Amino acid sequence: MPTWLEPLNWLFRAGGPVLVAIALVAVVLFSLALERWWYFRLTYRRARRALIRRWVARDDHVSWSALTLREAWTRELIARLRRPLPWLKWLVAVCPLLGLLGTVTGMISVFDSLSLSEVNQARAMSDGVARATLPTLVGMAVAVVGLLFTTRLEHIIRREDQKLHDRMARATEDSHA
């Protein structure tokens, strides 16, 4: 095993199987976050420009049906941007719960080992408590970073929704001028 993997190996051994589950959730969470960043930077911006061009190419911009169509188009584009948001929120909510599960299972193993040893071993108990709290720490850290990203993504979506409506309205005014 390469030496740079030793700390990671120690961390997973110290945290137990629940820490591995938290790491898997973190990989999925940050993969979704990275995908949303790429989607916003590449795909969404192209789709937004195409939508504005399609709107400007229309002859009718002021009738009720035209305004309804504009609203439907913008909602559909923003919905594509918002699509993985419920999954991101769910993964953020699961991380602290997995951390708590790790704490509970770690404490059960600490008390189990203390009951089997019949000797009051403070060192074994402190190692066990450290092992039990490690998943909570990691679960909370992943959740906080995921929450920061999710909040930022929601802010970007609200801003883009407003910008899209403003650009569509401006494109309508510019085409009538």
Side-chain angles (χ1 to χ4, degrees), residues 4-5 8 11-12 15-105 134-177:
W4 61 274
L5 281 178
L8 199 57
L11 184 68
F12 285 127
V18 175
L19 196 61
V20 174
I22 293 171
L24 292 174
V25 168
V27 166
V28 172
L29 176 68
F30 298 130
S31 296
L32 277 174
L34 186 61
E35 184 275 334
R36 274 299 92 179
W37 184 78
W38 278 106
Y39 177 81
F40 178 71
R41 293 282 178 203
L42 301 174
T43 307
Y44 171 77
R45 289 181 176 176
R46 269 190 256 125
R48 181 182 62 198
R49 284 191 297 269
L51 177 63
I52 292 170
R53 280 194 304 270
R54 189 169 50 167
W55 175 252
V56 169
R58 289 181 45 87
D59 293 330
D60 179 21
H61 293 127
V62 294
S63 70
W64 176 85
S65 60
L67 295 176
T68 303
L69 181 62
R70 182 178 85 177
E71 184 64 27
W73 283 352
T74 57
R75 282 182 192 242
E76 193 270 330
L77 186 60
I78 295 298
R80 278 191 271 156
L81 188 59
R82 188 178 304 237
R83 189 168 294 145
L85 204 54
W87 285 105
L88 287 167
K89 288 180 177 181
W90 183 80
L91 289 170
V92 166
V94 163
C95 285
L97 296 176
L98 285 173
L100 183 61
L101 176 66
T103 299
V104 170
T105 57
L134 189 61
T136 302
L137 172 69
V138 174
M140 293 302 276
V142 171
V144 165
V145 173
L147 187 61
L148 290 173
F149 176 78
T150 304
T151 303
R152 178 72 179 146
L153 181 62
E154 287 177 327
H155 173 74
I156 288 171
I157 290 170
R158 281 192 304 272
R159 186 188 70 208
E160 284 300 314
D161 190 17
Q162 187 60 46
K163 276 175 140 177
L164 185 59
H165 281 88
D166 292 347
R167 286 181 183 176
M168 298 283 271
R170 197 173 326 119
T172 301
E173 293 169 2
D174 292 346
S175 68
H176 288 302

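Nothing here was measured: the structure is a model prediction, and the numbers come from that model.
Interatomic distance, CD1 of I157 versus CD of Q162, reported as 14.5 Å (0.5 Å rounding). Distance CG/L19 to CG/L24: 10.0 Å, rounded to 0.5 Å. Taken from CG in D166 to CE in M168, the straight-line distance is 11.5 Å, to the nearest 0.5 Å. Remark: F149 CZ to L34 CG distance equals 8.5 Å, nearest 0.5 Å. Here the NE2-OG1 distance, from H155 to T150, works out to 14.5 Å after rounding to the nearest 0.5 Å. The OG1 atom of T74 lies 15.5 Å from the NZ atom of K163; values are rounded to the nearest 0.5 Å.
Taking 4.5 Å as the limit, every side-chain heavy atom of P135 sits out of range of all side-chain heavy atoms of L98. R53 is listed as a side-chain neighbour of R49, based on a closest heavy-atom distance under 4.5 Å. When side chains are defined from C-beta on, Y44 counts as touching L77, because their heavy atoms get closer than 4.5 Å. By the 4.5 Å heavy-atom criterion applied to side chains, L51 and L164 are counted as neighbours. Residues L29 and W87 form no side-chain contact, since every pair of their non-hydrogen atoms from C-beta on lies 4.5 Å or further apart. V25 is not listed as a side-chain neighbour of V142, based on a closest heavy-atom distance of 4.5 Å or more. In this structure, P17 and T105 have side chains that are not in contact, with every pair of non-hydrogen atoms separated by 4.5 Å or more.
Taking all atoms of both residues into account, the shortest heavy-atom contact from L147 to V92 is N-CG2, 3.8 Å. D60 approaches A66 most closely through the heavy-atom pair O-CB, 3.4 Å.
Pairs engaging residues 25-38 under the side-chain hydrogen bond (donor to acceptor under 3.5 Å, both in side chains) rule: none recorded [sequence neighbours left out]. Within the structure, the salt bridge (charged side-chain N to carboxylate O under 4.0 Å, His left out) test picks out the following pairs touching residues 80-102 (sequence neighbours left out): E76-R80, K89-E154.
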Exercise. For side-chain contact (heavy atoms from CB on, under 4.5 Å), just list the numbers for L91 and V28, CA-CA rounded to whole Å, side-chain angles, deciding distance to a tenth of an Å, and then say yes or no.
Key: CA-CA 8 Å; L91 289 170; V28 172; 3.7 Å; yes

Self-check item: From CA spacing to verdict: side-chain contact (heavy atoms from CB on, under 4.5 Å), F40, L153
Solution: CA-CA 10 Å; F40 178 71; L153 181 62; over 6 Å; no

Exercise. Could you walk me through whether C95 and V144 pass the side-chain contact (heavy atoms from CB on, under 4.5 Å) test, one step at a time?
Key: CA-CA 9 Å; C95 285; V144 165; over 6 Å; no

Practice problem: Go through W90 and V94 one step at a time and tell me if the side-chain contact (heavy atoms from CB on, under 4.5 Å) criterion holds. | Solution: CA-CA 6 Å; W90 183 80; V94 163; 3.6 Å; yes

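With hydrogens and angles disregarded, a donor-acceptor distance shorter than 3.5 Å links the side chain of H61 to the backbone of W55.
Screening R167, R45, R48 against E160 for a salt bridge (charged side-chain N to carboxylate O under 4.0 Å, His left out) leaves a single residue, R48.
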